[in-house]
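Taking it in order: structure first as structure tokens, then the write-up.
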Number of protein chains: 2
Amino acid sequence: MAYTSEYPPFFVTVDGVVLTIRNDALCALVVTRGGEPFRGRLALPGGFVDIDEDLGVAAVRELSEETGISVQGLHVEQLASYGAPDRDPRHRTISIAYLAVLPDLPEPVGGDDASDAHWHRVTWLLARKDRLAFDHRQILRDGVERAHAKLEYTALGTSFCERAFTIAELRRVYEVMWGVELDPGNFHRKVTGVAGFVEPTGRKASRGTGRPAELYRRGPTASLNPPLTRATLG
Amino acid sequence: MAYTSEYPPFFVTVDGVVLTIRNDALCALVVTRGGEPFRGRLALPGGFVDIDEDLGVAAVRELSEETGISVQGLHVEQLASYGAPDRDPRHRTISIAYLAVLPDLPEPVGGDDASDAHWHRVTWLLARKDRLAFDHRQILRDGVERAHAKLEYTALGTSFCERAFTIAELRRVYEVMWGVELDPGNFHRKVTGVAGFVEPTGRKASRGTGRPAELYRRGPTASLNPPLTRATLG
DNA sequence: CCAAAAGTGTTTGATTTACACCCATGG
DNA sequence: CCATGGGTGTAAATCAAACACTTTTGG
């Protein structure tokens with residue numbers, strides 16, 4: 001089947017910046033490209049938008065097809081669009097990037113399809129210019145920057161945690177993202193003191209040694225004003 | 001000329017949310033549509049992206065063509081993309097929206113081209129569902145929300161002012177955007193105390209009665225941490 | 001009982017808020 | 001010389017940072 005148009009054709013794709021924290025490091029989900037261009041290179045999961053498909057739906061679908069991850073109920077937001085005329089050597093392609101934030105999953109998220117999806121440390125992916133295909137290095141950078149910024153004044157941090165989490169686990173998210181150590185007491189007070197941020201489940205968690213911690217879940221996500229600030233360095 | 005492709009055609013447009021403050025109200029720039037669909041309805045300025053044109057360049061060009069406004073050197077940033085399959089009754093169209101913030105201009109910005117561009121109060125434009133064509137109501141809402149948010153933790157407020165401005169003029173921006181009265185003394189101290197926010201020009205301005213105010217210009221735009229907060233209500 | 005982590009109390013210092021008050025100009 | 005807005009001083013209230021200390025578990 002072929003389409004004709006009096007205007008030159010644009011191609012529209014979606015790409016996903018999917019972040020999680022594994023082994024105390026910020027990691028992003030990447031796939032190995034099977035076809036040209038950039039065959040064998042790492043890339044953000046993504047693909048073409050169907051002609052009658054909503055952008056957000058396409059992003060979720062591609063993530064599921066390429067990596068087997070279901071982001072149902074998880075944090076997904078539109079990040080930005082990328083449309084430099086030469087960003088794809090084949091055609092004029094506009095990519096709408098989405099940002100997803102997940103709790104650490106039980107490793108190899110091999111998908112039904114092109115199942116070589118892997119987590120890589122963001123620092124490693126960004127360390128060299130040529131690790132990622134297309135302009136995906138820039139997209140990843142923008143995604144990480146967005147996540148960074150939203151940590152401070154939204155409850156995005158809770159999206160890195162499981163449904164139920166301890167305050168210490170949430171604190172670890174901030175510590176890894178900011179590369180600092182936070183005072184456990186002050187963090188606890190701050191986070192439990194902001195209305196709508198977290199709410200107690202009533203249950204407790206025994207995480208190894210020490211006193212068991214109260215379990216919390218995401219609250220109705222109030223915006224943080226004043227924002228969380230970095231506290232005492234270790 | 002006709003183009004053929006094995007994939008269905010997408011159309012790509014840019015739209016601009018152009019904000020300013022006039023007569024103590026937040027206003028947006030709109031044009032009256034000359035063609036179908038939505039002929040005669042108000043719409044955000046925008047249009048089709050050329051096949052070899054960068055998105056940001058297209059946004060600036062359309063603004064200039066449709067409204068005669070040059071946003072050279074002014075604040076322009078990508079806002080978000082809109083691509084619901086039915087957002088344009090004619091074709092599948094993806095629109096990348098840009099946000100621009102300007103000082104109050106000497107009124108009718110009539111462009112070279114479809115020169116019926118006008119400022120309207122944002123509250124009026126948003127008050128009814130059908131004042132704007134397409135999904136431009138949602139786009140405008142998103143732009144206003146973005147501007148609102150960025151006021152608190154960036155120096156975006158200075159973009160509503162002329163090159164040189166008094167602290168009182170800057171304060172007026174915040175008061176109008178937030179619908180509050182701010183304490184002049186505290187605002188002055190806060191704003192001049194944050195490094196990189198504003199820098200003095202050395203000149204003074206005589207605005208009517210009262211002591212002449214020092215003139216400032218935008219600083220190298222430090223991010224505001226802690227952010228500006230709303231102060232005393234009037 | 002000891003180590004370790006959770007969570008609370010308390011002190012200190014910084015920041016914000018409220019508002020008094022002086023400054024500089026136009027009429 | 002008075003009204004008006006610009007800008008600084010200052011005290012009280014609020015908040016954040018540092019850290020001591022109590023609680024509750026596993027070994």
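Chain A is the first sequence line, chain B the second, and so forth, proteins listed ahead of strands; every chain is numbered from 1. Only heavy atoms go into these numbers, but all of them, side chains included; no hydrogens, no water, no symmetry mates.
Evaluation of atom-type donor-acceptor distances gives no pair under 3.5 Å for the side chain of B:Arg211 against the base of C:dA24. No N or O donor and acceptor, one from the side chain of A:Arg207 and one from the base of D:dG26, sit under 3.5 Å apart.
Comparing D:dG6, C:dA6, C:dT17 against the side chain of B:Arg171 picks out D:dG6 as the nearest. Distance from the side chain of A:Pro212 is smallest for D:dT25 among the nucleotides D:dG7, C:dT17, D:dT25. Ranking D:dG6, D:dA3, C:dG9 by closeness to the A:Arg189 side chain, first place goes to C:dG9. Considering only the side chain of B:Lys190, C:dT16 comes nearest among C:dT16, D:dA16, D:dG6. When the nucleotides C:dA4, D:dA3, C:dA6 are ranked by their closest atom to the side chain of B:Thr209, D:dA3 comes out on top. The side chain of A:Ala213 sits closest to C:dA6 out of C:dA6, C:dA5, D:dC19.
In this structure, B:Leu26 and B:Val144 have side chains that are in contact, with non-hydrogen atoms separated by less than 4.5 Å. The side-chain heavy atoms of A:Thr166 and A:Glu214, taken from C-beta on, include no pair separated by under 4.5 Å. Between A:Phe187 and A:Ile167 the shortest side-chain heavy-atom distance falls below 4.5 Å.
Using the six-membered ring where Trp is involved, B:Trp124 and B:His120 have ring planes that are parallel, under 30° apart on the 30 and 60° scheme.
OP1 or OP2 of D:dT8 sits under 4.0 Å from a side-chain N or O of B:His188.
Comparing B:Gly185 and A:Thr166 along DNA chain C, the residue whose closest nucleotide (by nearest heavy atom) sits nearer the 5' end is A:Thr166.
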